[in-house]
Amino acid sequence: MSIHNAEIAQIFNEYADLLEIQGANQYRVRAYRTAARNIADLSQSMADMVAQGEDLSELPGIGKDLADKIADIVTTGQLPQLEELEKEVPVGLLDLTRLAGLGPKRTGALYRELGITSLGQLEAAAKEQRIRELPGFGAKTEKAILAEIERRGGLRVEKRFKLSAAQRLARPLLDYLKKAKGVKRVEAAGSYRRRKETVGDLDILVTSSQGSEVMERLAEYEAVERVISQGSTRSTVVLRFGLQVDVRAVPEEDYGAALHYFTGAKAHTVAIRKMGVNKGLKINEYGVFRGEKRVAGRTEEEVYAQVGLPYIEPELREDRGEIEAARKGELPELVKLEDIRGDLHAHTRATEGRASLEEMARAAKERGYEYLAITDHSKRLSMAHGLDEKRLGEQIKQIDRLNEKLGGFIILKGIEVDIMEDGSLDLADNILKELDLLVCSVHHKFNLPQDKQTERIIRAISHSPTFTILGHPTGRLIGEREPYDVDLEKVMKAARECGCVLEVNAQPERLDLNDIHGKIARGMGVMVAISTDAHSVKDLDFMPFGVYQARRGWLGPGDVLNTRGWKELKKLLRR
DNA sequence: GCCGTTTTCGGCCCGACTGTTTTCAGTCG
């Protein structure tokens with residue numbers, strides 16, 4: 001049972017939280033947090049690196065001390081120093097810091113002065129008005145604490161919105177703010193602009209000569225549930241459904257600097273600011289300054305140019321190597337929606353879909369595509385009326401007839417065939433051979449041990465009788481179902497050997513492969529297909545979400561199968 | 001605790017809002 005990077009990151013984060021409550025040096029705390037983030041983002045397994053005797057202190061943000069601690073965690077499963085610290089600082093205090101408005105300092109004070117170690121004790125103390133007596137606290141803070149505890153039982157639930165859901169809430173709000181007096185531009189920044197698969201809160205940048213007007217208008221928006229803070233340049237509100245929105249207003253000439261700052265990711269922004277410091281520059285949301293003199297800030301390009309870098313696309317700004325790549329002039333060219341020439345995974349009414357074969361084909365043609373692969377389910381998925389050999393044979397004939405009347409648009413014959421527990425496929429080879437391509441997917445037995453699951457998938461893709469795309473390769477549903485336990489690097493190696501392509505499924509709740517896996521695939525020279533897995537005509541419009549995820553994975557048009565026009569694709573399918 | 005095209009020691013990104021204070025600490029992003 002080897003330790004995952006995410007578990008190491010979690011241990012370091014808890015250690016940092018407890019250190020902070022204890023009042024430790026803030027830079028020491030930060031070192032643990034930085035290390036945790038870097039480890040979580042890493043594509044190689046720490047456990048493997050330790051096993052192979054690699055020098056962990058070569059990694060960014062990890063020195064000798066943390067390298068030793070990681071080795072301890074990997075070999076024993078725990079960190080002795082954390083267990084020691086837990087004896088000194090009650091872990092219940094971590095709940096307190098999750099309360100809005102209570103950070104490590106105040107939590108530490110509550111513990112030292114009043115012996116509070118739990119939310120229950122905190123509530124009691126607040127009701128007895130003992131908190132307002134403490135230095136640095138007052139009646140208002142005490143009331144705010146009680147109000148926070150009352151709201152949803154007190155704990156600030158970590159709620160993230162899928163990008164598609166955030167988009168539905170954001171678009172009307174952006175339009176609304178555009179109508180405020182003095183407003184020039186309204187732009188969603190933050191993780192929304194970086195097209196992250198989920199958005200924690202929505203960051204909106206407004207350029208305006210009259211910030212207060214914008215903030216007034218925001219507070220009056222019909223979907224605003226409560227206003228957390230409101231100033232003349234910055235406000236925070238919570239919308240219905242609990243989406244927190246931060247709006248920041250700056251003058252038009254500061255647009256680029258503000259957009260850069262507000263887009264983040266924080267680690268990226270900090271890294272750029274540090275580069276600025278090294279060049280004697282101060283970079284903030286108002287511009288780039290040399291001493292008193294403002295030297296840039298109208299556009300993001302200007303900001304990057306000041307630190308000697310080319311423009312970096314928002315999807316790459318995660319401090320995962322993009323700055324180094326930019327410095328070396330090795331930024332990838334990213335795939336664009338316009339590059340996509342067809343969709344390689346779609347369902348019809350024959351199984352789970354809601355539209356007919358012809359409706360789906362015509363809708364794809366209207367979207368400017370050259371081809372659409374029809375990939376209905378196979379027979380094991382009886383709930384979805386999966387196709388058996390006979391019905392698939394009929395569909396093949398139907399596609400042949402339809403292709404003759406579609407004026408050059410091509411419907412590809414395919415199937416989303418189930419991968420059985422033993423790695424065999426759910427339909428006979430002789431019918432599968434008649435198809436242009438297979439999407440092979442796991443739809444059951446999600447909880448096999450890693451080696452079995454990996455073996456199962458590799459067997460399926462290596463024995464597949466025709467061109468193969470591995471559908472939604474980890475099976476995860478964002479926020480609902482964890483990925484199944486599979487060694488993707490082994491799968492990718494096998495995929496590379498047998499010419500199998502991995503899917504980036506564009507369904508907003510799947511987005512599977514994710515960004516980190518996409519980047520690994522690119523590094524290993526494995527191609528992907530960005531597919532909508534459409535169950536209706538409307539679902540074909542999920543394509544942008546798949547493209548965003550691919551861009552976040554550094555993938556370029558050359559890495560994506562369905563950027564090929566029909567002529568070229570045809571050759572690739574025949575291999 | 002990490003790190004070095006100024007540095008192996010002394011730095012470590014920068015600013016808004018709130019509440020508790022009379023100039024600032026804490027929190028947050």
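Values below: all heavy atoms of this structure, side chains included; hydrogens, waters and symmetry mates excluded. Chain letters run A, B, ... following the sequence lines, proteins first, then strands; residues in each count from 1.
- A cation-pi contact, defined as under 6.0 Å to the ring centre and within 45° of the axis, links A:Arg317 to A:Tyr311.
- A close approach under 4.0 Å does not occur between any side-chain nitrogen or oxygen of A:Tyr27 and OP1 or OP2 of B:dG1.
- Contact annotation: A:Lys69 reaches the phosphate of B:dG1 (side-chain N/O to OP1 or OP2, under 4.0 Å).
- Among the heavy atoms of the strands, none lies under 4.0 Å from A:Ile272.
- For the C1' atoms, the distance from B:dC14 to B:dG4 is 22 Å, rounded to whole Å.
- Under the 30°/60° scheme for interplanar angles, the aromatic rings of A:Tyr32 and A:Phe12 are found to stand perpendicular.
- Using a 4.0 Å heavy-atom criterion, one finds that A:Val29 contacts no nucleic acid atom at all.
- If you check every strand for non-hydrogen atoms under 4.0 Å, A:Asn278 touches a base.
- Figure legend. B:dG11 is base-paired to B:dC2; pairs are counted as Watson-Crick or G-U wobble with both atom distances under 3.5 Å.
- Using a 4.0 Å heavy-atom distance criterion, A:Pro135 is classed as making no nucleic acid contact.
- Of the candidates A:Glu187, A:Glu315, A:Glu300, A:Glu313, A:Arg193 forms a salt bridge (charged side-chain N to carboxylate O under 4.0 Å, His left out) with just one, namely A:Glu300.
- Crowding of A:Glu54 atom CD: a count of heavy atoms from other residues, nucleotides or ligands under 6.0 Å exceeding 12.
- At a non-hydrogen distance threshold of 4.0 Å, A:Gly138, A:Ala139, A:Lys140, A:Thr141 from residues 138-145 of chain A come into contact with DNA chain B.
- Using a 4.0 Å heavy-atom distance criterion, A:Gln244 is classed as a sugar-phosphate-only contact.
- Using atom P as the reference point in both B:dC13 and B:dC3, the two lie 13 Å apart (nearest Å).
- With a 6.0 Å radius and a threshold of 12 heavy atoms from other residues, nucleotides or ligands, A:Glu253 has its CD atom above the threshold.
- Each of B:dC14, B:dC12, B:dG29 was ranked by its minimum atom distance to the side chain of A:Val277; first place goes to B:dC14.
- Checked by atom type, the side-chain pair A:Gln129/A:Glu142 shows no donor-acceptor distance below 3.5 Å.
- Under a 4.0 Å N-O distance rule, the pair A:Arg294/A:Asp254 qualifies as a salt bridge.
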Polar pairs (N or O, both sides) under 3.5 Å between protein and nucleotides 15-17 of chain B?
unit_1 : atom_1 : unit_2   : atom_2 : d
B:dG15 : OP1    : A:Lys282 : NZ     : 3.2
B:dG15 : OP1    : A:Asn284 : ND2    : 2.9
B:dA16 : OP1    : A:Tyr286 : OH     : 2.9
B:dA16 : O3'    : A:Thr233 : OG1    : 3.2
B:dC17 : OP1    : A:Ser232 : N      : 3.3
B:dC17 : OP1    : A:Thr233 : N      : 3.2
B:dC17 : OP1    : A:Thr233 : OG1    : 3.3
B:dC17 : OP1    : A:Arg234 : N      : 3.0
B:dC17 : OP1    : A:Arg234 : O      : 3.3

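- Glycosidic conformation of B:dT22: anti, with the torsion beyond 90° of 0.
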